[in-house]
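Sequential numbering from 1 along the given sequence is applied to the chain's residues.
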Amino acid sequence: MEHFQKIELRRTRDFGEKFNATFEFIRQNYKGFMPAVIYFSVPLIVIGMVILSYYTNFTLYQDAGTYGAKGNVFGMMGNFFGYALIAYVFIIAGYLINTSLVYNYMKMYLSHDNPTTITPGELWDRSKKDIGNIFISSLLVGLVVVIGVLFLVIPGIYMGITLSLIIPIIIFEQKSVGDAFGRCFYLIKDKWWSTFGLLFVAGLLQGAMGFIFNIPEVILSVIFTINRTSSDFLSDPPLWQKGALIISSCIKAIGTGLLACISFIAIAFQYFNLVERREASGLMNQIEGFGSTPTSTQQDPKETY
């Protein structure tokens, strides 16, 4: 069997190299982690987005007619928040699982000589143990960012970028949420702007690619809105409209779930880059393994962004 040429994760990289490594890792390993993402994460995101899209395109109009005629604004709002709560519970659960799957795959990638042998079941068994800590850390980050935004916005942005490293630290180092929180500030010192730039560009790329999956739903929503008359508010929409909406929502959700890995993997490479710059853990591993296994020569480029 042909030897699997692994990508060195623990090394310093400049701004462009992080993106090259991100897409090279996806190209090399999508068969390894994507099946698990499709099995365990995407279905939850699909359910949540279908509920949200169905309410926005159909039920919302019927509620507007029903509650609007009665002047019951609170009834309409209550219905909206009910649908939204159910939808976002599924969506958030899907993203939490997605995050754990991607980072645990990268962690297993480090220790496996041939990562192509990793099965979805094996990956899930490793990943499900970290979902609780990922949820707690995400909740903490969200709370800190919201509080920061209330103080002139900039503190919220600063904290959001700084704490973007918290989940990789929890997964790769198995630290508690509290310890990971403090370590984020240690690692990102003097590298905040490069981390911000990486996340900003990765988000733009992910959003641009994701728009392709949004096109069917956008077109259908426009068509439904144009063809809807005031008498349609209280009527049940045709079956073909419901079916078309569900299909378009599924396409959008699948694309969103799969593309989320771009930002996750990009920030993981930034994490490894920052750890290597401060602690040279990858170099030490190569030195310890020298003489027993071949090591590839890695450059240490200056980070210019």
Side-chain angles (χ1 to χ4, degrees), residues 1-11 13 17-49 90-135 137-138 164-174 198-199 202-203 205-207 209-210 212-213 250-273 275:
M1 183 174 63
E2 184 179 354
H3 176 68
F4 185 87
Q5 186 65 40
K6 294 175 65 176
I7 298 171
E8 181 61 45
L9 302 186
R10 293 191 178 103
R11 54 158 291 189
R13 288 179 167 89
E17 286 180 321
K18 293 168 198 170
F19 280 105
N20 292 337
T22 295
F23 287 101
E24 176 62 19
F25 186 87
I26 294 173
R27 184 199 64 78
Q28 184 192 68
N29 296 278
Y30 71 93
K31 293 181 180 179
F33 65 85
M34 283 298 184
V37 171
I38 293 172
Y39 295 157
F40 302 109
S41 169
V42 169
L44 296 176
I45 299 175
V46 167
I47 293 172
M49 286 194 172
F90 281 103
I91 293 173
I92 291 172
Y95 275 111
L96 292 175
I97 293 172
N98 196 336
T99 307
S100 187
L101 289 170
V102 171
Y103 286 138
N104 271 285
Y105 179 84
M106 297 185 78
K107 185 176 181 180
M108 296 171 73
Y109 182 92
L110 288 168
S111 60
H112 278 62
D113 292 332
N114 186 359
T116 59
T117 61
I118 299 174
T119 64
E122 181 184 3
L123 179 56
W124 170 246
D125 287 339
R126 291 282 295 271
S127 301
K128 63 185 180 182
K129 302 173 183 177
D130 292 312
I131 294 174
N133 281 335
I134 292 175
F135 172 73
S137 63
S138 299
S164 64
L165 300 171
I166 194 168
I167 296 178
I169 292 172
I170 289 173
I171 300 296
F172 296 122
E173 302 181 19
Q174 288 297 293
L198 181 72
L199 285 173
L205 289 173
Q206 188 173 311
M209 296 171 67
I212 297 174
F213 295 93
C250 289
I251 293 173
K252 173 184 175 180
I254 291 171
T256 301
L258 296 180
L259 291 174
C261 67
I262 295 176
S263 294
F264 298 156
I265 294 173
I267 198 62
F269 276 110
Q270 175 68 338
Y271 159 80
F272 287 118
N273 169 64
V275 170

With a 3.5 Å distance limit and no angle check, can you tell me whether [X] reaches the backbone of [Y] through a side-chain donor-acceptor pair?
{"X": "Gln28", "Y": "Gln5", "value": "yes"}
{"X": "Gln270", "Y": "Leu198", "value": "no"}
{"X": "Lys6", "Y": "Leu110", "value": "yes"}
{"X": "Asn98", "Y": "Gly257", "value": "yes"}

[X] [atom1] to [Y] [atom2] distance, which is reported to the nearest 0.5 Å:
{"X": "Ile7", "Y": "Glu24", "atom1": "CD1", "atom2": "CD", "value": "4.5 Å"}
{"X": "Ile171", "Y": "Ser137", "atom1": "CD1", "atom2": "OG", "value": "8.0 Å"}
{"X": "Gln174", "Y": "Lys107", "atom1": "CD", "atom2": "NZ", "value": "3.5 Å"}
{"X": "Lys31", "Y": "Asn29", "atom1": "NZ", "atom2": "CG", "value": "11.5 Å"}
{"X": "Ile97", "Y": "Lys128", "atom1": "CD1", "atom2": "NZ", "value": "11.5 Å"}
{"X": "Tyr271", "Y": "Arg10", "atom1": "OH", "atom2": "CZ", "value": "7.5 Å"}

(request) Dump the intermediate steps for side chain to side chain contact (heavy atoms under 4.5 Å, CB included) on Ile262 and Phe23, then the final yes or no. (result) CA-CA 8 Å; Ile262 295 176; Phe23 287 101; 4.2 Å; yes

(message) Take a 6.0 Å sphere around OH of Tyr30 and say whether it holds more than 12 heavy atoms from other residues, nucleotides or ligands.
(response)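 Not more than 12 within 6.0 Å, no.
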
(request) Give a yes or no on this: more than 12 heavy atoms of other residues, nucleotides or ligands lie within 6.0 Å of atom CZ of Phe19. (result)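 Enclosed.
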
(request) Could you check whether the rings of Phe25 and Phe269 sit parallel, tilted or perpendicular, using 30° and 60° as the cut-offs? (result)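 Phe25 vs Phe269 ring planes: perpendicular.
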
(request) Look at the aromatic rings of Tyr109 and Tyr105 and report parallel, tilted or perpendicular, splitting at 30° and 60°. (result)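 Tilted: the ring planes of Tyr109 and Tyr105 meet at 30° to 60°.
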
Closest heavy-atom contact between [X] and [Y]?
{"X": "Cys261", "Y": "Ile26", "result": "SG-CD1, 4.1 Å"}
{"X": "Ile134", "Y": "Ser100", "result": "CD1-CB, 3.4 Å"}
{"X": "Ser263", "Y": "Gln206", "result": "OG-OE1, 2.7 Å"}
{"X": "Ile267", "Y": "Ser164", "result": "CD1-OG, 3.5 Å"}
{"X": "Ser138", "Y": "Ile167", "result": "OG-CD1, 3.9 Å"}
{"X": "Thr117", "Y": "Glu122", "result": "O-OE1, 4.1 Å"}

(message) Here's a test for you: under side-chain contact (heavy atoms from CB on, under 4.5 Å), which of Leu96, Thr99, Asn104 qualifies with Asp130?
(response)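 Among the candidates, only Asn104 passes.
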
(request) Name all residues meeting the side-chain hydrogen bond (donor to acceptor under 3.5 Å, both in side chains) criterion together with Asn133; count only those two or more places apart in sequence or in a different chain, and write none if there are none. (result)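 By the side-chain hydrogen bond (donor to acceptor under 3.5 Å, both in side chains) rule, Asn133 matches no residue at all.
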
(request) State which residues pass ring-ring contact (aromatic ring centres under 6.0 Å, His included) with Phe264; sequence neighbours excluded, sorted by chain then number. (result)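 So Phe264 forms no ring-ring contact (aromatic ring centres under 6.0 Å, His included) with any residue.
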
(message) Are the side chains of Phe33 and Leu101 in contact, using a 4.5 Å heavy-atom criterion?
(response)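 No. Closest side-chain heavy atoms not under 4.5 Å.
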
(message) Quick check: do Leu258 and Phe213 have side-chain heavy atoms less than 4.5 Å from each other?
(response)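 Answer no - side chains too far apart.
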
(request) Would you check, one step at a time, whether the test side chain to side chain contact (heavy atoms under 4.5 Å, CB included) holds for Val275 with Ile169? (result) CA-CA 10 Å; Val275 170; Ile169 292 172; over 6 Å; no

(request) Give the intermediate values and the outcome of side chain to side chain contact (heavy atoms under 4.5 Å, CB included) for residues Phe272 and Arg13. (result) CA-CA 9 Å; Phe272 287 118; Arg13 288 179 167 89; 5.6 Å; no

(request) Return yes if a side-chain donor-acceptor contact under 3.5 Å exists between Asn20 and Glu17, otherwise no. (result)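 Side chains of Asn20 and Glu17: no pair found under 3.5 Å.
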
